[in-house]
Amino acid sequence: MPAKKKEVVRYQGTGRRKTSVARAYLTAGKGDIKVNGKTLDEYLPQETLRMVVRAPFEVTETVGQYDVNINVYGGGYTGQAGAMRHAISRALLGVVDDYRPKLKAAGFLTRDSRAKERKKYGLKAARRAPQFSKR
C-alpha cells in the first residue's frame with residue numbers, strides 16, 4: 001500500500017485597502033510571515049507597518065502559532081500593510097470563529113474603503129479650484 005500524504009490544512013483570507021489587494025494563507029507553524037517570497041522584515045521598511053501586519057495575532061493571542069504566506073500587489077507600503085492585516089484577520093476567522101468579536105472590536109474586519117478621490121474637470125485637483133482674482 002502506498003504511504004498516505006499528510007494533508008496540510010490551509011486557511012485563506014483576502015484583504016483590501018486603497019488600491020492594494022492581499023491574499024493570506026495560514027498554516028500551522030511557528031510564526032513565520034512571508035510576503036511575496038521575502039520575510040516581513042525584508043519587505044516592509046518601517047517597524048510600525050510590521051506591527052500593523054502582526055496585530056491580528058496579538059489581538060487573538062495566537063502569536064507564533066501560524067505561518068503566513070502573503071501575496072500582495074497594488075498601492076504603497078501603508079495600503080499594503082492594511083490589506084495584509086485585513087487578509088490575516090479574515091483567514092483567522094476560518095481557523096476559529098470565536099475570534100470574530102475580538103477582531104471586530106479591534107476594527108480589523110472592516111474594509112477601509114477610503115481611496116483617493118478623482119480629479120474633476122475645471123479644477124486643479126479633486127476639490128482644489130483655480131485661484132480667484134477679481135481683476
Side-chain angles (χ1 to χ4, degrees):
M1 254 175 76
K4 286 188 178 180
K5 275 190 174 180
K6 186 177 178 185
E7 191 171 317
V8 177
V9 180
R10 197 166 85 156
Y11 302 97
Q12 193 262 334
T14 304
R16 294 181 185 87
R17 168 86 169 87
K18 291 187 173 183
T19 57
S20 302
V21 180
R23 290 188 310 261
Y25 302 96
L26 263 64
T27 53
K30 56 185 188 296
D32 295 337
I33 301 177
K34 289 254 187 197
V35 182
N36 292 349
K38 299 178 182 176
T39 65
L40 184 64
D41 294 341
E42 289 173 12
Y43 191 79
L44 289 176
Q46 297 171 322
E47 181 58 36
T48 52
L49 296 178
R50 293 192 287 262
M51 285 168 49
V52 165
V53 175
R54 292 186 188 110
F57 295 115
E58 291 166 13
V59 168
T60 57
E61 297 161 12
T62 55
V63 176
Q65 293 182 21
Y66 299 100
D67 287 343
V68 188
N69 192 3
I70 303 173
N71 296 328
V72 65
Y73 61 91
Y77 289 123
T78 307
Q80 287 187 353
M84 288 186 252
R85 180 177 74 182
H86 192 214
I88 291 170
S89 300
R90 287 174 126 189
L92 280 168
L93 289 182
V95 179
V96 179
D97 205 40
D98 294 343
Y99 293 152
R100 179 175 282 280
K102 290 179 181 179
L103 291 169
K104 196 160 178 70
F108 295 165
L109 297 178
T110 306
R111 193 247 197 252
D112 190 349
S113 61
R114 292 177 297 168
K116 188 172 182 178
E117 191 174 334
R118 78 175 220 42
K119 182 197 174 295
K120 278 70 163 199
Y121 56 87
L123 301 179
K124 291 184 172 227
R127 299 181 187 206
R128 168 82 174 100
Q131 185 173 354
F132 174 77
S133 174
K134 210 169 196 181
R135 289 179 232 297

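No experiment lies behind these values; they were computed from the predicted model shown.
When the shell of 6.0 Å around NZ of Lys119 is examined, it contains more than 12 heavy atoms from other residues, nucleotides or ligands. Enclosure of atom NZ in Lys120 by more than 12 non-hydrogen atoms of other residues, nucleotides or ligands within 6.0 angstrom is indicated.
The side-chain heavy atoms of Lys102 and Glu61, taken from C-beta on, include a pair separated by under 4.5 Å. Contact check for Ile33 versus Met84: no side-chain heavy atoms found under the 4.5 Å cut-off. Taking 4.5 Å as the limit, every side-chain heavy atom of Val68 sits out of range of all side-chain heavy atoms of Leu40. The side-chain heavy atoms of Gln12 and Arg90, taken from C-beta on, include no pair separated by under 4.5 Å. In this structure, the side chains of Val95 and Tyr66 come closer than 4.5 Å at one or more pairs of heavy atoms.
Hydrophobic clustering (ILVMFWY, side-chain heavy atoms < 4.5 Å, transitive): Val53 and Val63 are in one cluster. Under a hydrophobic clustering in which Ile, Leu, Val, Met, Phe, Trp and Tyr are joined whenever their side-chain heavy atoms come within less than 4.5 Å, directly or via other members, Tyr25 and Val35 fall into different clusters. Taken together through direct or relayed side-chain contacts under 4.5 Å among Ile, Leu, Val, Met, Phe, Trp and Tyr, Phe108 and Tyr11 form part of one hydrophobic cluster.
The CD atom of Glu117 sits 4.0 Å away from the CZ atom of Arg127 when rounded to the nearest 0.5 Å. With values rounded to the nearest 0.5 angstrom, Asp112 atom CG is found 4.0 Å from Arg17 atom CZ. With values rounded to the nearest 0.5 angstrom, Arg50 atom CZ is found 8.5 Å from Thr39 atom OG1. One distance of note links CZ of Arg23 with CD1 of Ile70; it measures 11.5 Å at 0.5 Å rounding. Atom CD1 of Ile88 sits about 12.5 Å away from atom CG of Leu93, to the nearest 0.5 Å. Here the straight-line distance linking atom CZ of Arg10 with atom CG of Asp67 works out to 12.5 Å at 0.5 Å rounding.
Between Leu26 and Ala91, the shortest heavy-atom distance links the atoms CD1-CB, 3.6 Å. When every heavy atom of Ala87 is checked against every heavy atom of Gly15, the shortest pair comes out as CB-N, 3.4 Å. When all heavy atoms of Asp97 and Pro101 are compared, the closest pair comes out as O-CD, 4.4 Å.
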| request: Mind running salt bridge (charged side-chain N to carboxylate O under 4.0 Å, His left out) on Asp41 and Arg54 for me, showing each step along the way? | output: CA-CA 11 Å; Asp41 294 341; Arg54 292 186 188 110; 3.2 Å; yes
| task | Give the intermediate values and the outcome of side chain to side chain contact (heavy atoms under 4.5 Å, CB included) for residues Leu92 and Phe57. | result | CA-CA 9 Å; Leu92 280 168; Phe57 295 115; 4.1 Å; yes
Side chains of residues 71-80: which donor-acceptor partners sit under 3.5 Å, not counting sequence neighbours?
residue	atom	partner	partner atom	Å
Gln80	OE1	Tyr43	OH	2.7
Gln80	NE2	Gly74	O	3.0

